[in-house]
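See below for the structure under consideration.
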Amino acid sequence: MLDRYLRNLNVEVEPFAVCLVDSHWRLTLPGPPVPMLHFIVQGSGTVTSPGLDHVSIGPNCLIVIPTGAIHSLDASGEIEHELRIDCVPESPPPHRIKAGEEGPPELVVGCGTLNIRYGGAIGLFDHMTDTLLVDLGDIPEVPILFQGILAEQASGQPGGPILQGAMMTQLLVHMFRKLSEQHSQALPWLTALNDHRLAAALDAIMKNPEAPHTVESLADVAHMSRSAFAKAFQQAFNRTPINLVNHVRMERAADLLRAGRLPVEGVATKMGYSSRSHFSQAFKNHTGMTPVEFRQG
């Protein structure tokens with residue numbers, strides 16, 4: 001089941017910085033506007049963030065920080081100094097952030113912003129509240145993959161972002177495998193995708209978002225009672241089934257508008273709306289723009 005859903009993941013990783021932390025130093029970073037990933041390239045220390053309080057980290061640990069979560073990375077030894085970054089640097093990435101003096105650091109961490117979407121519509125980390133920490137140290141190819149990402153980031157060669165995304169996808173597959181093997185509750189959606197009942201309902205939404213779905217019809221697809229289905233779905237995806245239907249419709253509509261092959265009326269019809277005005281209002285509620293404004297922008 002996991003393999004089936006991994007094929008539908010769209011991964012975008014934007015390199016942000018290489019963070020270098022000396023012994024006896026703490027690096028405190030601002031809450032990211034989107035989920036942030038840290039990969040421990042070298043050294044050991046601790047991380048403090050929502051759900052983790054001075055938890056040990058070492059080489060090949062993968063850390064996913066929730067949106068808006070201020071967090072810190074400590075090197076080994078009693079902390080005597082702190083570098084606090086209050087906002088993301090305005091210059092183009094990648095950045096080099098050093099907490100300490102010149103010279104070899106104790107802790108080397110690769111950082112990037114993370115956007116993982118299922119079927120191009122569902123942000124799988126968008127509603128995460130606790131930090132996720134996965135030790136990938138027992139997988140030999142992991143350090144090679146991340147070193148490759150750093151090398152591509154530094155090279156500036158054409159196609160670099162594509163290669164970085166491909167390598168990061170491999171890292172994340174290793175992470176999802178491990179979480180699935182551990183039956184981790186850190187990502188409720190991952191557990192949900194392994195539940196054939198919720199998976200069937202999600203498939204129905206993703207394949208035909210324009211259909212006249214109701215909570216009752218989706219519960220029937222899942223072979224669950226309405227109340228049990230609604231509760232399980234909300235817990236897994238942090239939104240109601242109909243909210244997700246509307247979200248997927250609007251994301252698909254945005255893709256069609258970008259493509260420019262259909263008029264607005266055609267997009268509305270394709271997404272299950274009989275009225276252009278109703279579609280336009282729903283699209284504006286979702287994006288802040290009318291379909292015409294979105295297409296022109």
Side-chain angles (χ1 to χ4, degrees), residues 1 3-14 33-35 67 113-127 158-166 168-169 172-173 189 192-193 197-222 229-230 233-234 236-297:
M1 185 66 75
D3 181 64
R4 176 185 176 188
Y5 289 102
L6 288 174
R7 288 196 296 267
N8 289 301
L9 294 183
N10 305 107
V11 178
E12 297 176 11
V13 178
E14 184 67 30
V34 296
T67 300
T113 56
L114 186 63
N115 182 15
I116 303 181
R117 306 187 77 76
Y118 178 79
I122 307 171
L124 296 183
F125 289 118
D126 288 356
H127 301 289
I162 296 173
L163 284 177
Q164 291 172 49
M168 183 57 70
T169 299
L172 293 169
V173 167
W189 62 263
L193 294 182
R197 301 171 303 170
L198 292 178
L202 184 61
D203 274 351
I205 295 171
M206 301 304 293
K207 289 178 180 177
N208 296 294
E210 71 280 2
H213 297 294
T214 64
V215 177
E216 289 79 5
S217 69
L218 291 170
D220 287 342
V221 170
F229 169 73
F233 197 97
Q234 175 79 38
F237 300 105
N238 202 42
R239 61 176 79 212
T240 67
I242 300 308
N243 180 277
L244 181 59
V245 169
N246 292 331
H247 178 85
V248 174
R249 283 180 178 177
M250 294 302 100
E251 291 294 303
R252 297 282 174 84
D255 288 342
L256 291 172
L257 289 168
R258 290 189 194 98
R261 291 188 290 270
L262 289 174
V264 173
E265 291 85 351
V267 174
T269 299
K270 194 168 183 65
M271 287 299 100
Y273 287 85
S274 58
S275 164
R276 170 175 170 160
S277 62
H278 288 166
F279 167 70
S280 295
Q281 185 60 54
F283 191 84
K284 186 172 183 179
N285 291 341
H286 183 74
T287 65
M289 293 180 282
T290 67
V292 172
E293 291 169 341
F294 183 86
R295 174 168 276 172
Q296 292 173 344

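Everything quoted here is computed from the prediction, not taken from an experiment. By convention here, the first residue in the shown sequence is residue 1.
- For the salt bridge (charged side-chain N to carboxylate O under 4.0 Å, His left out) test, no residue two or more places apart in sequence or in another chain qualifies with Arg239.
- Gln281 pairs by the side chain to side chain donor-acceptor pair (under 3.5 Å) definition with Asn285, not counting sequence neighbours.
- Residue pairs that meet the salt bridge (charged side-chain N to carboxylate O under 4.0 Å, His left out) test with at least one member in residues 272-290, sequence neighbours left out, are Glu265-Arg276.
- Residues passing the side-chain contact (heavy atoms from CB on, under 4.5 Å) test with Pro291 are Leu257, Val264, Phe279, Ser280, Phe283, sequence neighbours excluded.
- With sequence neighbours left out, Arg258 forms a side chain to side chain donor-acceptor pair (under 3.5 Å) with Asp255.
- Under the ring-ring contact (aromatic ring centres under 6.0 Å, His included) criterion, His247 pairs with His286, sequence neighbours left out.
- In this view, His278 satisfies the ring-ring contact (aromatic ring centres under 6.0 Å, His included) rule with no residue, not counting sequence neighbours.
- Within the 4.5 Å cutoff, the side chain of Val221 has no heavy atoms near those of the His213 side chain.
- Legend: residues meeting salt bridge (charged side-chain N to carboxylate O under 4.0 Å, His left out) with Arg197, ordered by chain and number and at least two apart, are Asp195.
- Taking CG of Asn246 as the reference point, atom CE of Met271 lies at 12.0 Å (rounded to 0.5 Å).
- Every residue meeting the side chain to side chain donor-acceptor pair (under 3.5 Å) condition with Ser277, not counting sequence neighbours, appears here in chain and number order: Ser275.
- In this structure, the side chains of Val248 and Arg252 come closer than 4.5 Å at one or more pairs of heavy atoms.
- Heavy-atom minimum distance, Pro241 versus Phe229: CG-CE2, 3.6 Å.
- Two residues are said to be in side-chain contact when any heavy atoms from C-beta on lie closer than 4.5 Å; Arg295 and Met289 fail this criterion.
- Summarising the geometry, atom CG belonging to Leu198 is positioned 11.0 Å from atom CG belonging to Asp203; distances are rounded to the nearest 0.5 Å.
- For the salt bridge (charged side-chain N to carboxylate O under 4.0 Å, His left out) test, no residue two or more places apart in sequence or in another chain qualifies with Glu293.
- In this structure, the side chains of Leu244 and Leu202 come closer than 4.5 Å at one or more pairs of heavy atoms.
- Side-chain contact between Phe233 and Leu218: absent, with no pair of heavy atoms (C-beta onward) separated by less than 4.5 Å.
- In this view, Asn238 and His127 satisfy the side chain to side chain donor-acceptor pair (under 3.5 Å) rule, not counting sequence neighbours.
- Applying the salt bridge (charged side-chain N to carboxylate O under 4.0 Å, His left out) test to every pair with at least one member in residues 209-220, sequence neighbours left out, gives these pairs: Glu216-Arg226.
- Considering all non-hydrogen atoms of both residues, Ala222 and Ala201 come closest at CB-CB, 4.4 Å.
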